[in-house]
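Here the structure comes first, spelled out in structure tokens, and everything after it is commentary.
From a predicted model like this one, the values you see are computed outputs, not experimental measurements. Atom set for the values below is all heavy atoms of this structure, side chains included, hydrogens, waters and symmetry mates excluded.
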Amino acid sequence: QVQLVESGGGSVQAGGSLRLSCAASAVTPSTYCMGWYRQAPGKGREGVAAINRYGTTSYVDSVKGRFTVSKDSAENTLYLQMNSLKLEDTAMYYCAATDGFCSASSLNYKYWGQGTQVTVSS
């Protein structure tokens with residue numbers, strides 16, 4: 001049974017950093033596209049970043065240069081390093097996986113976790 005469990009969310013001041021982790025079971029980052037998407041209150045889901053099985057990364061424009069997605073295939077763990085956080089980054093962040101098309105903006109994931117909350121304050 002596929003499980004994706006996020007951790008690392010929290011509250012941070014604008015300009016600060018957080019590192020999200022996603023522990024995966026029954027899917028392996030070495031064979032799946034893994035990514036992060038987020039959903040802010042009252043808004044739709046937004047793809048954030050993705051990394052394909054070869055390690056190629058993609059980001060949506062709003063996070064380029066600030067967020068870094070990475071994976072540890074040996075540990076079956078996905079990461080999202082978030083720097084220079086802005087108020088508009090406040091959202092629930094979800095880890096997701098797919099064996100299909102891999103893109104930061106794609107929301108066509110097959111599996112996703114329960115999410116971890118990120119709150120950025122001024």
What's the spacing between [X] [atom1] and [Y] [atom2] if we round to 0.5 Å?
| X | Y | atom1 | atom2 | answer |
| --- | --- | --- | --- | --- |
| Cys95 | Leu80 | SG | CG | 10.0 Å |
| Thr119 | Leu85 | OG1 | CG | 10.5 Å |
| Asp99 | Cys33 | CG | SG | 9.5 Å |
| Leu20 | Gln81 | CG | CD | 8.5 Å |

**OP:** Measure from NZ or CZ of Arg38 to the centre of the six-membered ring of Tyr94, then state whether that distance is under 6.0 Å and the direction lies within 45° of the axis.
**Re:** no
Within the 4.5 Å heavy-atom criterion, are [X] and [Y] side-chain neighbours or not?
| X | Y | value |
| --- | --- | --- |
| Tyr37 | Tyr93 | no |
| Tyr32 | Thr98 | no |
| Cys22 | Lys71 | no |

What are the two closest non-hydrogen atoms of [X] and [Y], and how far apart are they?
| X | Y | value |
| --- | --- | --- |
| Val118 | Met82 | CG2-CE, 3.7 Å |
| Val120 | Gln13 | CG1-C, 4.0 Å |
| Val60 | Ala104 | N-CB, 3.7 Å |
| Ser84 | Arg66 | O-NH1, 3.0 Å |

Is it true that [X] and [Y] fall in one hydrophobic cluster, defined by side-chain heavy atoms closer than 4.5 Å?
| X | Y | result |
| --- | --- | --- |
| Leu18 | Leu87 | yes |
| Leu4 | Ile51 | yes |
| Tyr109 | Tyr111 | no |
| Met92 | Val12 | no |

May I ask you to decide if [Y]'s main-chain N or O and [X]'s side chain share a donor-acceptor pair within less than 3.5 Å?
| X | Y | value |
| --- | --- | --- |
| Arg53 | Ser30 | no |
| Thr77 | Asp72 | no |
| Glu6 | Gln114 | yes |
| Thr116 | Gly9 | yes |
| Tyr59 | Val69 | yes |
| Lys110 | Ala96 | no |
| Ser106 | Ser103 | no |
| Thr56 | Tyr54 | no |
| Ser25 | Val2 | no |
| Trp36 | Tyr79 | yes |

Subject >> Cationic N near anionic O, under 4.0 Å, Lys64 to Asp61 >> reply: yes
**OP:** Return yes if a side-chain donor-acceptor contact under 3.5 Å exists between Asn83 and Ser17, otherwise no.
**Re:**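 Looking only at side-chain atoms, Ser17 and Asn83 do form a donor-acceptor pair, the distance falling under 3.5 Å.
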**OP:** Show your working on side-chain contact (heavy atoms from CB on, under 4.5 Å) between Ser62 and Glu46 and close with a plain yes or no.
**Re:** CA-CA 10 Å; Ser62 59; Glu46 176 191 29; 3.7 Å; yes
